Amino acid sequence: DITHSQTLTAKVMCGYQGWFNCSGDGASRGWVHWGSSNRFEPGYCTVDWWPDMSEYDADEKFATGFEYQDTSTAHVFSSFNNKTVLRHFSWMAEYGIDGVFLQRFATETTPGSTARNHRNQVMLNCQEGANLYNRIWAMMYDLSGLGSGSDIQKVVDDWEYLVDTFLISQDPTDSAYLHHNGKPVVAIWGLGFGRSYEGQDTYNLIDFLKNDPTYGGCTVMLGVDDDWRSNSDSWFQQTVLLADIISPWAVGRYGSTNPGGLDNFTNNVTVPDKAWCDANGKDYLPVVFPGFSWQNLKGEKWDHIPRLGGSFLWRQYYKAIVEA
């Protein structure tokens, strides 16, 4: 059903990082995002939760330096593995998730690098999985880590490379690529946080994606900080007005154990955000999250925002859909 990919309206989308590598997965990157110092063993762990590996096949399981209580080796997955990403898309179809914004980290787009090779493979995996299971996908550039000035040009160069090499957003055989209001969607994440790359260069990037005669013609979504409406930077405000869809970051902005936090966020952020977008002809995509913990990565409190068996996630959906 190709019409499934022709609108973002009423869709449940996930952010798909695709950032897990394992030693021996073929990407030549070693351990990435599981551990530190290219090791994933006791003392070198940056994740707080272990994935349920029970449905993965043997050719998707990579041995780690950890073991279970029965002394058997513990395994994890790699995002480089085509079969694994297709499995993730089959789960999305099974559980009613419409698709993903595929994270493409701008700092990992250097030509010839193993990082870009990995990103390309994950992208092709997602493209195949979305088409195979009637899901949708769109590219989301994460600007985190970029410096000022010419660093933004990396995104322009990479988008031109993706269009020229893979026909991304312009491939007539890719019926799963997300469109909205008749145009392919490209998301840019990381604006309004006061980072060094923000300013005229980011405005020019959005203008390029919308208006360039060869590589533009896109519906552009901005991932912004939750205080975006009160941001006084003139270039930021011009960029917001140029974009088509606004999606403010909400992860960690409220907790799960005190309901008042989400109530306040809904009343003071989500409701007036939606009103602003309605008044200014923008679409609005709220962000919800299941819980949060990054003790092993950042040294902060374990299970900092508990999931509460899914009730926290459900309540965020309810507040956004019903009250906003």
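Remember, predicted model here, so these are calculated numbers, not experimental data. Positions are given from 1, in the same order as the sequence printed here.
Between Glu60 and Arg87, at least one side-chain nitrogen of the basic residue sits less than 4.0 Å from a carboxylate oxygen of the acidic one, meeting the salt-bridge criterion. The pair Lys154-Asp158 does not count as a salt bridge, with every side-chain nitrogen at least 4.0 angstrom from each carboxylate oxygen. Between Asp48 and Lys298 there is no salt bridge, since no side-chain N of the basic residue sits under 4.0 Å from a carboxylate O of the acidic one.
Taken together through direct or relayed side-chain contacts under 4.5 Å among Ile, Leu, Val, Met, Phe, Trp and Tyr, Trp91 and Tyr133 form parts of separate hydrophobic clusters. One hydrophobic cluster, built from ILVMFWY side chains closer than 4.5 Å, holds both Ile321 and Val12. Criterion: ILVMFWY side-chain heavy atoms under 4.5 Å apart, direct or through other members. Under it, Ile188 and Tyr161 are part of a common hydrophobic cluster. Both Ile136 and Met221 are members of a single hydrophobic cluster when ILVMFWY side chains are connected at heavy-atom separations under 4.5 Å. Cluster membership for Ile305 and Phe265, using ILVMFWY side-chain heavy atoms within less than 4.5 angstrom, is shared.
Between Trp34 and Pro51, the closest heavy-atom pair is CH2-CG, 3.8 Å. Residues Phe289 and Gln316 approach most closely at O-NE2, 2.6 Å, considering heavy atoms. Heavy atoms only, all atoms of each residue included: Thr109 and Ala106 are closest at OG1-O, 2.8 Å. Heavy atoms only, all atoms of each residue included: Leu8 and Met13 are closest at CD1-CG, 3.8 Å. Across every non-hydrogen atom of Leu285 and Ser247, the tightest pair is O-OG, 2.8 Å. Considering every non-hydrogen atom in both Ser196 and Ser148, the closest pair reads O-CB, 3.3 Å.
In this structure a side-chain-to-backbone donor-acceptor pair under 3.5 Å is present from Lys282 to Leu241. For Asn81 (side chain) and Lys83 (main-chain N/O), a donor-acceptor pair under 3.5 Å exists by modelled atom type. Between the side chain of Arg135 and the backbone N or O of Ala176, no donor-acceptor pair lies under 3.5 Å. Using a distance-only test at 3.5 Å, with no hydrogens or angles considered, no donor-acceptor pair links the side chain of Tyr254 to the main chain of Asp263. Formation of a donor-acceptor pair under 3.5 Å by the Ser78 side chain with backbone atoms of Asp25 is not found in this model. At least one donor-acceptor pair closer than 3.5 Å links the side chain of Asn38 to the backbone N or O of Trp31. In terms of modelled atom types and a separation under 3.5 Å, the side chain of Ser36 and the main chain of Tyr44 share no donor-acceptor contact. Between the Trp50 side chain and the His75 main chain, a donor and an acceptor come within less than 3.5 Å of each other. Put simply, the side chain of Asp303 never gets that close to the backbone of Ser293: no donor and acceptor are under 3.5 Å apart. In this structure, the side chain of Asp244 engages the main chain of Val220 through a donor-acceptor pair within 3.5 Å.
For the pair Arg195 and Phe193, the cation sits on the ring face: its NZ or CZ lies under 6.0 Å from the ring centre, inside 45° of the axis.
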Do Met123 and Leu162 pass the side-chain contact (heavy atoms from CB on, under 4.5 Å) test, and can you show the C-alpha distance, the side-chain angles, and the key distance before you say yes or no? CA-CA 10 Å; Met123 176 186 70; Leu162 291 183; 3.9 Å; yes
Verdict with reasoning, Val251 to Trp249, per side-chain contact (heavy atoms from CB on, under 4.5 Å): CA-CA 6 Å; Val251 178; Trp249 193 238; 3.4 Å; yes
Determine, stepwise, if the pair Leu242 / Gln238 fulfils side-chain contact (heavy atoms from CB on, under 4.5 Å). CA-CA 6 Å; Leu242 187 61; Gln238 291 179 67; over 6 Å; no
Pair Thr107, Asp151 - check side-chain contact (heavy atoms from CB on, under 4.5 Å), show working. CA-CA 9 Å; Thr107 56; Asp151 257 13; over 6 Å; no
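Residue pairs satisfying the ring pair (Phe, Tyr, Trp, His ring centres under 6.0 Å) criterion with at least one member in residues 102-129, sequence neighbours excluded, are listed as follows: Trp19-Phe105, Phe80-His118.
The ring of Trp159 has its center no closer than 6.0 angstrom to the ring center of Phe208. Between Tyr318 and Trp314, the distance from one ring center to the other falls under 6.0 angstrom. You'll find the ring centres of Phe20 and His33 inside the 6.0 Å limit.
Inter-residue side-chain proximity for Tyr284 and Thr270 is flagged as met; some heavy-atom pair is nearer than 4.5 Å. At least one side-chain heavy atom of Arg116 sits less than 4.5 Å from a side-chain heavy atom of Arg104. For the pair Trp235 and Glu198, the minimum side-chain heavy-atom distance is 4.5 Å or more. At least one side-chain heavy atom of Asp171 sits under 4.5 Å from a side-chain heavy atom of Gln127. Two residues are said to be in side-chain contact when any heavy atoms from C-beta on lie closer than 4.5 Å; Tyr141 and Phe101 fail this criterion. Between Pro306 and Phe312 there is no side-chain heavy-atom pair separated by less than 4.5 Å. Side-chain contact between Trp228 and Asp273 is present, with at least one heavy-atom pair separated by less than 4.5 Å. At least one side-chain heavy atom of Tyr215 sits less than 4.5 Å from a side-chain heavy atom of Asp164.
Classified by interplanar angle (parallel below 30°, tilted 30° to 60°, perpendicular above 60°), the ring pair Tyr56/His88 is perpendicular.
For the residue pair Gln121 / Asn125, a side-chain donor-acceptor distance below 3.5 Å is found, with atom types taken as modelled.
Every residue two or more places apart in sequence or in another chain was checked for a salt bridge (charged side-chain N to carboxylate O under 4.0 Å, His left out) with Asp233, and none qualifies.
Checking Leu146, Leu191, Asp207, Leu222 one by one against Thr202, the side-chain contact (heavy atoms from CB on, under 4.5 Å) holds for a single residue, Leu191.
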